[in-house]
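Have a look at the structure below, then the notes.
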2 protein chains.
Amino acid sequence: MKEGPDIARIGTLIGDPARANMLTALMGGQALTATELAQAAGVTLQTASSHLSKLEDGGLISQRKQGRHRYFTLADGAAGTLLENIMGFAASRGHLRHQPGPKDPALRKARICYDHLAGDYGVRMLDSFVSRGVIRTDGENLMVTEQGRVDIGQIGIDVAPLVSSRRPLCKSCLDWSERRSHLAGTLGKALLSHFLEKGWARRSSESRAVLFTPEGERKFLSLFPLERPSPEP
Amino acid sequence: MKEGPDIARIGTLIGDPARANMLTALMGGQALTATELAQAAGVTLQTASSHLSKLEDGGLISQRKQGRHRYFTLADGAAGTLLENIMGFAASRGHLRHQPGPKDPALRKARICYDHLAGDYGVRMLDSFVSRGVIRTDGENLMVTEQGRVDIGQIGIDVAPLVSSRRPLCKSCLDWSERRSHLAGTLGKALLSHFLEKGWARRSSESRAVLFTPEGERKFLSLFPLERPSPEP
DNA sequence: AATATGCTTCGGTTAGGATCGAAGTATGAA
DNA sequence: TTCATACTTCGATCCTAACCGAAGCATATT
């Protein structure tokens, strides 16, 4: 058995708890310094440094020097997607780190999944799109309808420039807290950016939670109404 | 950092070379005994037994007792998809176990990817579908067109019963040897089954390679013509 | 220049887990 | 009943890799 890709290497990289914590922290989408990642992982700076170089060699993260800091991010969207997949699978098998679901209710409600919105609000957004015919689905694949482009335009997002050849426009991503799908892809990213730019919400400094202002929450809920419970896309 | 799914557990399971070899062997889609998996992994039966119980506890595989044998398979489609994803990611970072690509040319040409066809032939099949308008794509998602249902029906496969709510009809799956996508999903599975049933090809007993007969190869190539190189879906 | 901060490298320790031999259990065959 | 096959469990060994203290390097501040 010496054929094929070396999945064991990727597995080993993700399999260490300290490295897994670092990667989870980087799923927040923001660049973090080695010191911050050491804290997130609960190890000293020396240990973290060793882990970070291994993750970089493995192609999971990349770094950018800036002054005397080194900022680390996930290498690219593929790395984020991979981690999302593994999280979804782990959650589907009940492998949670502290009993059922996150303790933090804010995290259950809305959090960042690499570059898009996850949690209750993320799921609601996709449900709303599907029930209103903005997005159509056939089992797993998602497509924005003609009418959907108009509706999304009214939110203030132009769909056209989001269609790139590298990344899909919309993609479903299994939500580990809701056990449902939420919206990923360039559209999912654009929507989250839009909420943050408009000041409807901000990222928590400590976790991946996304905190909505009262007004932002009101606007979000009216933009994404739930007519009736829709089937899992 | 104690939130969320335990990705480290999944990583650790996949991260051991012996276990990774077992999982790779099970990607062939056939149920294998503990002894066979021990051979595939290159360890003794005692060691294999320990690994197998860990993989089962982790929800990656399941077993079925039959007489004095125990047959192991991947737990479900989700487990297969997860491994496919990791393989694709590992290949995209150049993490191959023995230099560029598989040594075995048969494996490069056609092999089983859990339950569908991969390799040169798998990629060609999807390319042909896309260039002929049988399948339409928007970045990542794949959809069978109206005309496509007819065309696939002429091959001898009825699309209607393949549409299940649990698994998508068609899905793209990154091919680690070709670095292109091939066709997965229930349609991909049905096509492979069809080739095997018709006797156009058979599975190799030693590896995941799919061996076409001369006649099967002729039919395959005429069924899936390549008009001109099509862009990566 | 001198000092502080951020990070890496080196060296030695330690713990977890992969490994296998040997013995034990279950199923089937003679 | 006896023997053989398939697999699991136990116990001991051994090795890797995670870990941190100490020292070193680089960049910024004074």
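Just so you know, these numbers use all the heavy atoms, side chains as well, and skip hydrogens, waters and symmetry mates. Every chain is numbered from 1 and lettered A, B, ... according to where its sequence line falls, protein lines coming before strand lines.
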| Under the salt bridge (Lys or Arg N to Asp or Glu O under 4.0 Å) criterion, do Glu217(B) and Lys109(B) qualify, and how do the steps go? | CA-CA 11 Å; Glu217(B) 186 150 339; Lys109(B) 182 173 170 187; 3.1 Å; yes
| Are Tyr121(A) and Phe212(A) near enough that their ring centres are under 6.0 Å apart? | yes
| field | With sequence neighbours excluded, residues passing salt bridge (Lys or Arg N to Asp or Glu O under 4.0 Å) with Lys189(A) | value | none
| task | Measure the CE-CZ distance between Met27(A) and Arg208(A) for me, rounded to the nearest 0.5 Å. | result | 5.0 Å
| query | How would you list, by chain and number, every residue that makes a side-chain hydrogen bond (donor to acceptor under 3.5 Å, both in side chains) with Thr33(A), sequence neighbours excluded? | reply | Glu36(A)
| field | Distance (rounded to the nearest 0.5 Å) between Ile155(B) CD1 and Leu191(B) CG | value | 6.0 Å
| message | The criterion is side-chain hydrogen bond (donor to acceptor under 3.5 Å, both in side chains); which residues satisfy it with Gln30(A), sequence neighbours excluded? | response | none
| request: Please identify each residue that fulfils side-chain hydrogen bond (donor to acceptor under 3.5 Å, both in side chains) with Ser92(B), with sequence neighbours left out. | output: none
| Partners passing side-chain hydrogen bond (donor to acceptor under 3.5 Å, both in side chains) against Asn85(A) (at least two apart in sequence or in another chain) | none
Any N/O pairs under 3.5 Å between the protein and nucleotides 13-16 of chain C? List them or say none.
none

| From Glu215(A) atom CD to Lys198(A) atom NZ, the distance as rounded to the nearest 0.5 Å | 10.5 Å
Donor-acceptor pairs are to be reported for all side-chain atoms of residues 6-13 of chain A against protein atoms at under 3.5 Å, with residues two or more places apart or in another chain.
unit_1   : atom_1 : unit_2   : atom_2 : d
Asp6(A)  : OD1    : Ala8(A)  : N      : 3.4
Asp6(A)  : OD1    : Arg9(A)  : N      : 3.3
Arg9(A)  : NH1    : His95(B) : ND1    : 3.3
Arg9(A)  : NH2    : Asp57(A) : O      : 3.3
Thr12(A) : OG1    : Ala8(A)  : O      : 2.9
Thr12(A) : OG1    : Gly15(B) : O      : 2.8

| Between which nucleotides of DNA chain D, 5' to 3', does chain B make heavy-atom contacts below 4.0 Å? | dA4(D) to dT9(D)
| task | Enter the inter-axis angle for the ends of the helix from dA1(C)-dT30(D) to dA30(C)-dT1(D) (five pairs per end, rounded to 10°). | result | 20°
| request: With a 4.0 Å heavy-atom cut-off, tell me which residues in residues 42-59 of chain A come close to DNA chain C, sorted by residue number. | output: Leu45(A), Gln46(A), Ser49(A)
| query | So, Arg111(A) side chain and Leu107(A) main chain: donor-acceptor pair closer than 3.5 Å or not? | reply | yes
Atom pairs under 3.5 Å: protein N/O with N/O of nucleotides 27-30 of chain C:
unit_1  : atom_1 : unit_2   : atom_2 : d
dT27(C) : OP1    : Lys65(B) : NZ     : 3.4

| Whole-Å distance separating the CZ atom of Arg70(A) from the P atom of dT5(C) | 19 Å
| query | Do Ser50(A) and Thr47(A) have side-chain N/O donor and acceptor atoms under 3.5 Å apart? | reply | no
| Met87(B) CE to Ile14(B) CD1 distance, which is reported to the nearest 0.5 Å | 9.5 Å
| Partner set under salt bridge (Lys or Arg N to Asp or Glu O under 4.0 Å) for Arg93(A), not counting sequence neighbours | Asp76(B)
| query | If you pin Arg19(B) and Glu36(A) to their nearest nucleotides in DNA chain C, which one's is more 5'? | reply | Glu36(A)
